[in-house]
2 protein chains.
Amino acid sequence: MQYHLAFPIAGENIFTMRPKNLEKEEAIRSIALQIIAAEGLENLSMQKLAKAANVSPRTIYIKYENKEDFLIKLFIDEVLGAYEKAVLENFSQEMDFAEGVKKIWSNTFQYLKNNRPHFALIQHGKASPLLNKAFQKENIKEGHFFAPIHHFLALNMEKGIIRNFPDDVHRAMLFSPLLDLVNEYFDYLDRPVQIITEDVLLECCEAIIKGMLK
Amino acid sequence: MQYHLAFPIAGENIFTMRPKNLEKEEAIRSIALQIIAAEGLENLSMQKLAKAANVSPRTIYIKYENKEDFLIKLFIDEVLGAYEKAVLENFSQEMDFAEGVKKIWSNTFQYLKNNRPHFALIQHGKASPLLNKAFQKENIKEGHFFAPIHHFLALNMEKGIIRNFPDDVHRAMLFSPLLDLVNEYFDYLDRPVQIITEDVLLECCEAIIKGMLK
DNA sequence: TTTGTAAGTAAACAAACGTTTACTTACTTT
DNA sequence: AAAGTAAGTAAACGTTTGTTTACTTACAAA
């Protein structure tokens, strides 16, 4: 007698099925991000994606219901998930305020700098109603993204270390200049002079910290 | 004998032609912005636009070479031009630093709050490679957008009032949290509690000013 | 080895895409 | 009133879109 999963998933007989080729799934997602970064979300089509990923269009529809479903899952699961994990690495909400903010800035910059396609979709997420709404829904359903940072801010507000602002205002001060600098880092990548250096980043971070303190 | 323009524009006999209906041109641009705001840049098509503007597709192509040309001109001429004008209203580069920044913040917030479709395209401008590149090109060709603000920052840097940063870093600190707050203003529009009030905005502005000062 | 399953493919679907063709309309000048 | 122009329209162009159909392949269980 064979051991089975206690609760086999309805509609899926996992014992006689051909296993999914995970490399193909990964290729689809990775190449989608590359196309979006290079040509913009408005120029991503399912057929172009399938061809670039060397896969039949049908293969994409095994895992995703339709194009919108694909984009939302790409954004929420693939991009925001990894982004959050990278930002929070070695960060703790008990850190000293300035120390914590610097850790967040350094993590964020390093990660985005090395993952331009992910950054591109994050940028689209602010502009596209589809992705924007999906993010808000997810944020309500699953508890907030970046919850440790929210606690960190709440803690420092209680202690009277930083100003009393709604959470979203703190988040705007903390992240939006930083993402703008990443954008500029990429804009200037091909030019003779590099403007966004580690030094400038750190100084700007200190300026933001000063502004947030009481 | 009739008086003619000294240099009639090649290919255009302006004396016997049927005059353009400027209302149609305006309708095309205005409705394009509305579609982009409601459905995203990725869901704007020329045929959809023509139908919504109650115009033949061909009419759009009288003024614009193709879709990309249309989007770029919509972004640069219609949106960024009006945006810059609104932001700089009653602003002077000789203003006291804090006073000047507050004026910019209040102008920007008021304008964007009342022109959501324009704001939507500005957001897309940061994500879409097409618009992003067009903006950079224009910025180099025509002198910088927001030149008075650049001078204002340079002046206050010379005087030793604010920190020494590259221009783009100052701009990131000045504008990006503000635009994020506008985004949140719209996100929260339909909810019971309004989070981004004039008071919060002013306090956040003061925090940013504090951070920028030496 | 056979069999059953879902993974995966190639080709095709109707619909929508960006753009153009062929034509009519509205206005100005003569 | 007649003539000439570009503005503007309706319909269509070939292509590409998102998605599906009909089929084959690869694997695990029996």
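Within every chain, numbering begins at 1; the chains are lettered A, B, ... in the order of the sequence lines, protein sequences first and strands thereafter.
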Check the pair B/Lys103 / B/Glu89 against salt bridge (Lys or Arg N to Asp or Glu O under 4.0 Å), numbers first and verdict last. CA-CA 9 Å; B/Lys103 169 63 74 182; B/Glu89 196 158 277; over 6 Å; no
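Distance B/Leu44 CG to C/dA16 C1': 13 Å, rounded to the nearest Å. For the pair B/Asn21 CG and C/dT24 C1', the computed distance is 16 Å after rounding to whole Å. Taking atom NZ of B/Lys51 as the reference point, atom C1' of C/dG18 lies 15 Å away to the nearest angstrom. When rounded to the nearest whole Å, the span between CD of B/Glu23 and P of C/dA26 equals 15 Å. A straight line from NZ of B/Lys24 to P of C/dT25 spans 13 Å, rounded to a whole angstrom. Rounded to a whole Å, the CD atom of A/Glu39 is 13 Å from the P atom of D/dT16. Across the protein-nucleic acid pair, B/Ile28 atom CD1 and D/dG8 atom C1' stand 10 Å apart, rounded to whole Å. Distance, A/Gln47 CD to C/dC17 C1': 12 Å, rounded to whole Å.
A donor-acceptor pair under 3.5 Å is absent between the side-chain atoms of B/Asn115 and the main chain of B/His118, judged by distance alone.
If you look at A/Tyr83 and A/Phe145, their ring centroids are not closer than 6.0 Å. Note: A/Phe91 and A/Phe152 meet the aromatic proximity criterion, with ring centroids under 6.0 Å apart.
At the heavy-atom level, B/Leu49 lies nowhere under 4.0 Å from the strands shown.
Between D/dT9, C/dG18, D/dG18, one nucleotide has an atom nearer to the side chain of A/Met46 than all others, and that is D/dG18. The A/Pro57 side chain lies nearest to C/dA11 when the options are C/dT19, D/dG8, C/dA11. Picking from C/dG18, D/dG8, D/dG18 the nucleotide with the shortest atom distance to the side chain of B/Ser45 gives C/dG18.
For A/Ala37 against A/Pro117, the heavy-atom pair with the smallest separation is CB-CA, 3.8 Å.
Applying a 4.0 Å cut-off to non-hydrogen atoms, the residues of residues 58-72 of chain B that approach DNA chain D are B/Arg58, B/Thr59, B/Ile62, listed by residue number.
Under 3.5 Å, the side chains of B/Ser106 and B/Gln110 contain no donor-acceptor pair of N or O atoms.
A salt bridge links A/Arg171 to B/Glu184: one of the charged nitrogens lies within less than 4.0 Å of a carboxylate oxygen.
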